[in-house]
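Remarks on the structure that follows.
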Amino acid sequence: TMQFENRRSERGFTLVELAIVMIIIGLLIGGILKGQELIANAQVGATVSQVKSIDAATTTFRDKYDSVPGDMDNVATRLSNCTGCVDGDGDGRIEGNGPLGNPNGEEQHVFRMLSASDLLGGVKNPAAPGEWGDIYPEAKIAGGFHAGYDNSGTLGDNNSSPAGHYLGLVSTWNAAGNDDTLTPNEAARIDTKLDDGKGNSGSVFSDGNNCSTNGDYDQENAAEICDLAIRFQN
């Protein structure tokens with residue numbers, strides 16, 4: 001009798017109990033993964049909305065002031081509340097080091113002017129900028145946006161890029177793109193929503209070592225190895 005009682009006290013889980021535990025664990029894992037997917041989708045969607053908002057704000061600015069933000073001349077009289085803004089040359093191009101380069105010249109004043117004209121939020125425009133959100137808007141997914149004109153014909157991974165104004169989605173607010181902002185999957189999803197989903201063509205394309213091969217994003221790679229060039233004001 002003593003041996004029988006000891007064996008009863010040492011019995012393990014039944015198969016039914018183990019199955020219930022496994023189901024609960026599976027539901028928890030599935031819920032976490034689904035939650036992560038929903039967050040990722042929301043970030044991509046919000047970033048795409050930001051791009052469209054910047055494009056719309058720029059169009060309104062041009063209609064209102066007959067000038068491209070950043071390129072405006074006589075800023076002191078035309079947009080007197082634009083702290084830190086410097087006159088552009090009024091040639092219709094946002095000039096500097098290009099959308100994927102370290103912002104310089106007119107590129108430093110694009111979002112300052114859009115903010116001062118109450119056409120775009122997300123920029124505080126302090127006297128001494130030091131992070132995303134100061135003079136360049138922070139992207140919802142990662143990094144933030146620079147803006148500039150490019151006519152090189154070889155921007156990023158596109159060897160036949162059309163001349164025009166582009167947003168650079170990069171990781172560091174005051175430096176050139178370093179190919180470390182997005183994963184290829186994130187880049188591909190933004191590209192697909194705005195353009196053709198190809199990393200080497202169209203109006204949205206990648207910049208980064210191995211981000212895309214022959215236009216196909218390496219979506220199995222989970223590393224952050226991509227920047228994006230996004231044409232606006234087409």
Side-chain angles (χ1 to χ4, degrees), residues 40-62 68-71 92-103 107 110-111 114 120 136-172 176-234:
N41 285 337
Q43 290 175 330
V44 169
T47 302
V48 169
S49 295
Q50 284 182 288
V51 171
K52 293 179 179 179
S53 295
I54 293 170
D55 189 35
T58 302
T59 297
T60 303
F61 189 98
R62 296 178 77 165
V68 178
D71 181 58
R93 297 181 178 182
I94 303 169
E95 295 167 324
N97 290 327
L100 296 175
N102 188 358
E107 296 167 345
V110 176
F111 299 105
L114 288 174
L120 188 72
Y136 309 109
E138 183 175 12
K140 296 297 184 181
I141 191 166
F145 297 103
H146 294 158
Y149 185 85
D150 183 83
N151 64 352
S152 66
T154 56
L155 182 61
D157 294 333
N158 189 343
N159 291 324
S160 58
S161 58
H165 286 106
Y166 290 85
L167 297 175
L169 180 48
V170 297
S171 63
T172 306
N178 196 37
D179 308 337
D180 60 354
T181 310
L182 307 171
T183 67
N185 178 265
E186 291 169 336
R189 290 161 79 170
I190 292 173
D191 192 334
T192 300
K193 285 183 176 292
L194 289 170
D195 191 36
D196 60 2
K198 292 292 185 178
N200 64 350
S201 64
S203 60
V204 180
F205 40 87
S206 62
D207 183 36
N209 296 324
N210 303 317
C211 179
S212 67
T213 302
N214 296 324
D216 295 324
Y217 288 94
D218 182 14
Q219 298 193 48
E220 295 299 318
N221 191 336
E224 295 169 346
I225 56 173
C226 305
D227 293 339
L228 277 183
I230 304 168
R231 193 172 183 213
F232 70 120
Q233 297 296 288
N234 292 341

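Side chains included, hydrogens not; waters and symmetry mates left out as well; all remaining heavy atoms used.
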- [ ] Please determine, by modelled atom types, if Asn159 and Thr154 share a side-chain donor-acceptor pair under 3.5 angstrom.
- [x] no

TODO: Would you check if Tyr166 and Leu155 make a side-chain contact, meaning some heavy-atom pair closer than 4.5 Å?
DONE: yes

Task: Inter-residue atom distance Phe232.CZ - His165.NE2, 0.5 Å rounding - done: 6.5 Å

- [ ] Verify whether one side chain among Thr183 and Asn185 offers a donor that lies under 3.5 Å from an acceptor in the other.
- [x] no

- [ ] Measure the spacing between CD of Gln50 and CG of Leu169 and express it to the nearest 0.5 Å.
- [x] 9.0 Å

- [ ] Taking all non-hydrogen atoms of both residues into account, name the closest pair between Leu100 and Ala229 and its distance.
- [x] CD1-CB, 4.4 Å

- [ ] Considering non-hydrogen atoms only, spot the tightest contact between Gly143 and Glu138 and give its length.
- [x] O-CG, 3.4 Å

Open item on the list: To check you understand the geometry: which heavy-atom pair defines the closest contact between Asn221 and Pro184, and what is its length?
Closed with: O-CD, 3.2 Å

TODO: State, to 0.1 Å, how close Leu167 and Ala147 come at their nearest heavy-atom pair, and which atoms those are.
DONE: CD2-CB, 3.8 Å

Task: Any Ser160 side-chain heavy atom under 4.5 Å of Asn158 side chain - done: yes

Task: Under 3.5 Å: donor-acceptor pair, side chain of His146, backbone of Tyr136 - done: no

TODO: Report yes if some heavy atom in the side chain of Val44 is under 4.5 Å from a heavy atom in the side chain of Ile190; otherwise report no.
DONE: yes

Task: Separation between OG of Ser171 and CG of Asp180, rounded to the nearest 0.5 Å - done: 3.5 Å

Task: For Asp179 against Gly208, the heavy-atom pair lying closest together - done: CG-CA, 3.4 Å

Open item on the list: Can you tell me if Asn210 has over 12 outside heavy atoms packed within less than 6.0 Å of its CG?
Closed with: no

Open item on the list: Could you tell me if the side chain of Ser206 sits less than 4.5 Å from the side chain of Asp227, heavy atoms only?
Closed with: no

Open item on the list: Can you confirm whether the side chains of Asn97 and Glu107 place a donor and an acceptor under 3.5 Å from each other?
Closed with: no

Open item on the list: Using ring centroids (six-membered ring only for Trp), state whether Tyr217 and Phe205 fall under 6.0 Å.
Closed with: no

- [ ] With sequence neighbours excluded, tell me which residues meet side chain to side chain contact (heavy atoms under 4.5 Å, CB included) with Ala56.
- [x] none

Open item on the list: Do Asp218 and Ser212 pair up side chain to side chain, a donor and an acceptor below 3.5 Å, judged on atom types alone?
Closed with: no

Task: Stepwise side-chain contact (heavy atoms from CB on, under 4.5 Å) test for Val68 and Arg93 - done: CA-CA 7 Å; Val68 178; Arg93 297 181 178 182; over 6 Å; no

Open item on the list: As an exercise, state the distance from CD1 of Ile225 to CG of Asn178, rounded to the nearest 0.5 Å.
Closed with: 12.5 Å

TODO: Check for a donor-acceptor pair, side chain of Asn151 on one end and backbone N or O of Ala163 on the other, with a separation under 3.5 Å.
DONE: no

- [ ] Find the distance between CG (Asn209) and SG (Cys226) and round it off to the nearest 0.5 Å.
- [x] 10.0 Å

TODO: Please tell me if the side chains of Thr47 and Glu186 come closer than 4.5 Å, counting only heavy atoms from C-beta onward.
DONE: no

Task: Nearest-0.5 Å distance, CG of residue Asp191 to CG of residue Asn200 - done: 9.5 Å

Task: Asp195 side-chain N/O to Ser203 backbone N/O, donor-acceptor pair under 3.5 Å - done: yes

Task: Any side-chain heavy-atom pair of Leu194 and Lys52 under 4.5 Å - done: yes

- [ ] Answer yes or no: is there a side-chain heavy-atom contact under 4.5 Å between Phe145 and Val170?
- [x] no

- [ ] Test salt bridge (charged side-chain N to carboxylate O under 4.0 Å, His left out) on Asp216 and Lys198 and set out the steps.
- [x] CA-CA 6 Å; Asp216 295 324; Lys198 292 292 185 178; 2.7 Å; yes

Task: Non-hydrogen side-chain atoms of Val204 and Leu228 separated by less than 4.5 Å - done: yes

Task: Contact summary for Pro99 and Asp150, nearest pair of heavy atoms - done: CD-CB, 4.1 Å

Open item on the list: Can you see whether Glu224 engages Thr181 through a side-chain donor-acceptor pair at a distance of less than 3.5 angstrom?
Closed with: no

